Amino acid sequence: MHAGLILFLWGCGVASVQLLDGRALLLLTVAALLLALVAARVRIGRLIRRVRVLFLAIILLFAWFTPGEALLAAWSSLSPTREGVGLALTHSARLLVVMCCVAMLLQHLPTDRLVSGLHALFRPLRFSGLPTERLALRLMLVLRYVDDARGGRHDWRTWLMEEGELQAPVHLSHEYMGWRDGLVLAGLIAVIGWWAW
């Protein structure tokens, strides 16, 4: 499947998560977490560690600063609210599902294809003067640097220079859409049109 289409479908899935709440969101969160632990265990652990402060901020801001009924009546001035805890859990679950989706995408879509897919999606913007190819190449360098197991000990300049020669370690591959991609895209457009109608 074309990388741009994979990213488009992925984006639609992530966006639809924001429409869920309650039991459906709980089931999706459990399923996404289990799938990510099986398919991208190391990567999901790394991503969750990197956004743990964001999880904490969501819990604190929603649970303690949302007006409503105090969860602990005896400590009403210090207690989070029931409504706030519900909102905190909902937003935390949505963020966790998105993190699982990101982990699985990065695990199973190589960096070159990922960036080439983004370049294909944003190619129409080049008519507005946006340098899409330069942005894609820079994004590829950043992703490779972030994903490098050696982390901060790796000198990114070694990707650009070797024995005094300037090299181009990255390139954008151009994929072509096949008939299966066309069927998937047509089906998605039909579903979106039916839902909007």
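Keep in mind that this is a model prediction, so the values were computed, not measured. Throughout, residue positions are numbered sequentially from 1 according to the sequence presented.
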Nearest-0.5 Å distance that lies between atom [atom1] in [X] and atom [atom2] in [Y]:
X: Arg41; Y: Arg46; atom1: CZ; atom2: CZ; value: 14.0 Å
X: Leu95; Y: Ile58; atom1: CG; atom2: CD1; value: 5.0 Å
X: Cys100; Y: Ile48; atom1: SG; atom2: CD1; value: 6.0 Å
X: Leu87; Y: Thr81; atom1: CG; atom2: OG1; value: 7.5 Å
X: Leu28; Y: Arg94; atom1: CG; atom2: CZ; value: 11.0 Å
X: Leu47; Y: Leu96; atom1: CG; atom2: CG; value: 10.5 Å

Is there a chain of hydrophobic side chains (I, L, V, M, F, W, Y, each step under 4.5 Å between heavy atoms) that links [X] to [Y]?
X: Val85; Y: Leu25; answer: no
X: Ile6; Y: Leu9; answer: yes
X: Val17; Y: Leu89; answer: no
X: Leu106; Y: Leu34; answer: no
X: Met104; Y: Val14; answer: no

Looking only at heavy atoms, which two atoms of [X] and [Y] are closest? And how far apart?
X: Gln107; Y: Ala39; answer: CG-O, 3.4 Å
X: Leu60; Y: Phe65; answer: O-CD1, 3.5 Å
X: Ala93; Y: Thr29; answer: CB-OG1, 3.5 Å

- request: Could you check Gln18 against Val98 for side chain to side chain contact (heavy atoms under 4.5 Å, CB included), going step by step and ending with a plain yes or no?
  value: CA-CA 10 Å; Gln18 308 308 313; Val98 171; 4.0 Å; yes

With distance as the sole test, does [X] use its side chain to make a donor-acceptor pair with the main-chain N or O of [Y] at under 3.5 Å?
X: Glu69; Y: Glu83; result: no
X: Ser79; Y: Leu71; result: yes
X: Trp64; Y: Ile59; result: no

- prompt: Any chance CZ of Phe8 has more than 12 other-residue heavy atoms, nucleotides or ligands included, within less than 6.0 Å?
  reply: no

- prompt: Would Val97 and Cys101 count as a side chain to side chain contact (heavy atoms under 4.5 Å, CB included) if you check the C-alpha gap in whole Å, the side-chain angles of each, and the deciding distance to 0.1 Å?
  reply: CA-CA 6 Å; Val97 171; Cys101 292; 4.2 Å; yes

